[in-house]
Amino acid sequence: MLTPEQLQGHGLSRRPVDRLVSQRHWSRPVRGIVCTSGQASWLGMAWAGVLLGPEGSRVGGQAGLHLHGLSGEPEQIDVWTPRGRRLRVEGPYRFREEGPATHSGRTFGSPPHLGVEDCVLDLAAELDQEDFLALVIDAVQRRRTTPSRLCSALACRPRARHRALLEAVLGDVRAGVESPLERAYLHRVERAHGLPRGRRQVRRGGYRRDVVHEELGLVVELDSQWHAGLARFVDMDRDNTAMLGGLVTLRYGWVHVAGAACRTAAQVAQVMRARGWSGTPTRCRSCVAVPDGDLWAA
């Protein structure tokens with residue numbers, strides 16, 4: 001990708017460039033940019049966006065996450081430019097101005113792009129809570145960032161959206177939560193109803209189990225999507241292996257945790273009581289939908 005100024009620096013005037021483009025050896029993917037390798041790839045278009053901007057421009061948003069290996073190729077390419085340089089360019093671009101304190105001073109890779117932390121926090125303004133939560137957990141799980149680095153970046157943004165959510169979820173990630181469904185179970189089922197806290201992500205016998213209550217011989221598996229094919233049989237084998245080891249397995253999905261958390265808590269509590277738990281679950285604000293009985297604390 002080259003600008004007209006760069007082409008002139010190589011001794012090429014407009015006429016030979018136009019001829020090469022007309023012969024389809026080169027192309028003009030957007031106005032003001034010449035691609036010398038035929039048709040421009042997505043990466044080439046990202047480079048073009050940086051070249052169209054002033055010095056110091058860099059890719060961010062979903063496009064930045066893609067360059068960090070955390071997203072597919074987005075249709076829109078965000079390019080952050082120094083403040084005071086507004087651009088209107090046809091193509092897949094959204095040019096955004098950044099001030100001295102908008103992002104960290106670090107720039108990564110080729111084409112130049114923001115760090116993972118800045119890309120994640122920028123997207124907080126555009127994603128709903130569930131999608132933002134999934135993004136944060138995925139970035140940490142895949143070791144592109146850490147809770148500490150995200151907290152440090154957040155501290156530099158006094159008006160960040162989803163601040164309370166991010167601070168809470170980073171604490172949950174440290175505790176072993178690895179998906180939005182697991183976090184919902186932790187808060188809506190386990191904590192909201194005073195159930196014993198299980199161990200997260202326990203590896204045993206070649207399998208990893210979501211929540212384990214060792215002293216009660218109970219496993220809770222959380223499936224965020226319908227399992228099919230080989231994955232379904234792996235789940236079955238894992239549950240059967242747990243049963244042979246004296247463990248009871250309860251399996252829940254989004255409909256049980258988000259749509260019926262109180263009934264799920266009651267079911268888990270009943271199994272716990274049957275297996276030796278002497279405690280009593282507590283009612284949350286939504287537990288009016290659960291039938292009365294001696295299971296619940298006042």
Side-chain angles (χ1 to χ4, degrees), residues 1 3 33 42-89 91-175 177-178 180 183:
M1 293 293 181
T3 64
I33 294 293
W42 184 93
L43 188 63
M45 294 300 291
W47 253 118
V50 172
L51 293 175
L52 287 167
E55 184 177 356
S57 297
R58 42 194 183 161
V59 177
Q62 288 284 3
L65 289 179
H66 172 67
L67 293 171
H68 283 288
L70 283 168
S71 170
E73 296 180 356
E75 293 183 4
Q76 177 178 275
I77 300 175
D78 282 358
V79 180
W80 287 89
T81 66
R83 182 160 292 177
R85 297 296 302 274
R86 291 183 176 274
L87 294 175
R88 294 184 180 277
V89 178
Y93 304 110
R94 178 172 61 168
F95 288 93
R96 311 177 70 181
E97 298 180 65
E98 62 174 324
T102 305
H103 302 116
S104 71
R106 298 186 65 190
T107 300
F108 297 79
S110 176
H113 51 279
L114 299 172
V116 171
E117 297 77 27
D118 283 325
C119 291
V120 168
L121 294 180
D122 285 345
L123 287 171
E126 303 178 19
L127 300 178
D128 61 29
Q129 286 195 6
E130 293 295 345
D131 288 341
F132 180 62
L133 176 60
L135 170 60
V136 171
I137 292 175
D138 186 48
V140 172
Q141 278 185 335
R142 295 170 68 178
R143 299 185 179 181
R144 298 299 196 275
T145 187
T146 66
S148 296
R149 280 159 49 188
L150 281 166
C151 284
S152 297
L154 182 65
C156 299
R157 300 193 182 200
R159 298 182 179 179
R161 185 172 179 239
H162 293 327
R163 174 181 294 278
L165 173 66
L166 181 56
E167 290 174 343
V169 73
L170 290 176
D172 294 340
V173 170
R174 289 191 181 100
V177 169
E178 291 197 354
R183 184 173 188 270

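For the single chain, residues carry numbers from 1 onward in sequence order.
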Given Asp122, Leu123, Val59, the one that forms side chain to side chain contact (heavy atoms under 4.5 Å, CB included) with Leu65 | Leu123
Nearest atoms (heavy-atom pairs only) where Asp78 meets Ala63 | N-CB, 4.2 Å
Listed by chain and number, what are the ring pair (Phe, Tyr, Trp, His ring centres under 6.0 Å) partners of His103, not counting sequence neighbours?
-> Trp80
Please lay out, stage by stage, how Leu135 and Leu127 fare under the test side-chain contact (heavy atoms from CB on, under 4.5 Å).
-> CA-CA 9 Å; Leu135 170 60; Leu127 300 178; 4.0 Å; yes
Of all residues at least two apart in sequence or in a different chain, which pass the side chain to side chain donor-acceptor pair (under 3.5 Å) check with Arg149?
-> Glu117
Donor-acceptor contact present, side-chain Asp118 to main-chain Ser104, <3.5 Å | yes
Using modelled atom types only, decide if a donor and an acceptor are shared between the side chain of Arg58 and the backbone of Arg106 within a distance under 3.5 Å.
-> yes
Determine yes or no for a side-chain-to-main-chain donor-acceptor pair under 3.5 angstrom, with Arg142 supplying the side chain and Gly69 the backbone.
-> yes
With a 4.5 Å limit on heavy-atom distance, are the side chains of Trp42 and Pro74 in contact?
-> yes
Side chains of Ser71 and Gln62, donor plus acceptor under 3.5 Å | yes
Hey, are the side chains of Glu167 and Cys151 touching, using non-hydrogen atoms and a 4.5 Å cut-off?
-> no
Hey, are the side chains of Leu70 and Asp138 touching, using non-hydrogen atoms and a 4.5 Å cut-off?
-> yes
Within the distance-only criterion (no hydrogens, no angle test), does the side chain of Arg144 pair as donor or acceptor with the backbone N or O of His68 below 3.5 angstrom?
-> yes
For Ser152, what residues pass the side-chain contact (heavy atoms from CB on, under 4.5 Å) criterion, not counting sequence neighbours?
-> none
Out of curiosity, Ser110 OG to Leu67 CG, how far, rounded to the nearest 0.5 Å?
-> 9.0 Å
Pairwise ring pair (Phe, Tyr, Trp, His ring centres under 6.0 Å) hits with a residue in residues 120-153, at least two apart | Phe132-His162
With Pro92, which residues qualify under side-chain contact (heavy atoms from CB on, under 4.5 Å), at least two apart?
-> Met45, Ile77
Could you tell me whether the side chain of Leu114 reaches within less than 4.5 Å of the side chain of Thr107, counting heavy atoms only?
-> no
For Gly115 and Phe108, work out which heavy atoms get closest and say how close.
-> CA-CE1, 3.4 Å
Please round to the nearest 0.5 Å and tell me the distance separating atom OG1 of Thr81 and atom CD of Glu97.
-> 5.5 Å
Pairs flagged by salt bridge (charged side-chain N to carboxylate O under 4.0 Å, His left out) wherever residues 67-77 is involved - sequence neighbours left out | none
Side-chain contact test, heavy atoms from C-beta onward, threshold under 4.5 Å: evaluate it for Pro112 versus Ser57 and give yes or no.
-> no
Considering only heavy atoms from C-beta outward, does the side chain of Val140 approach that of Leu150 to under 4.5 Å?
-> yes
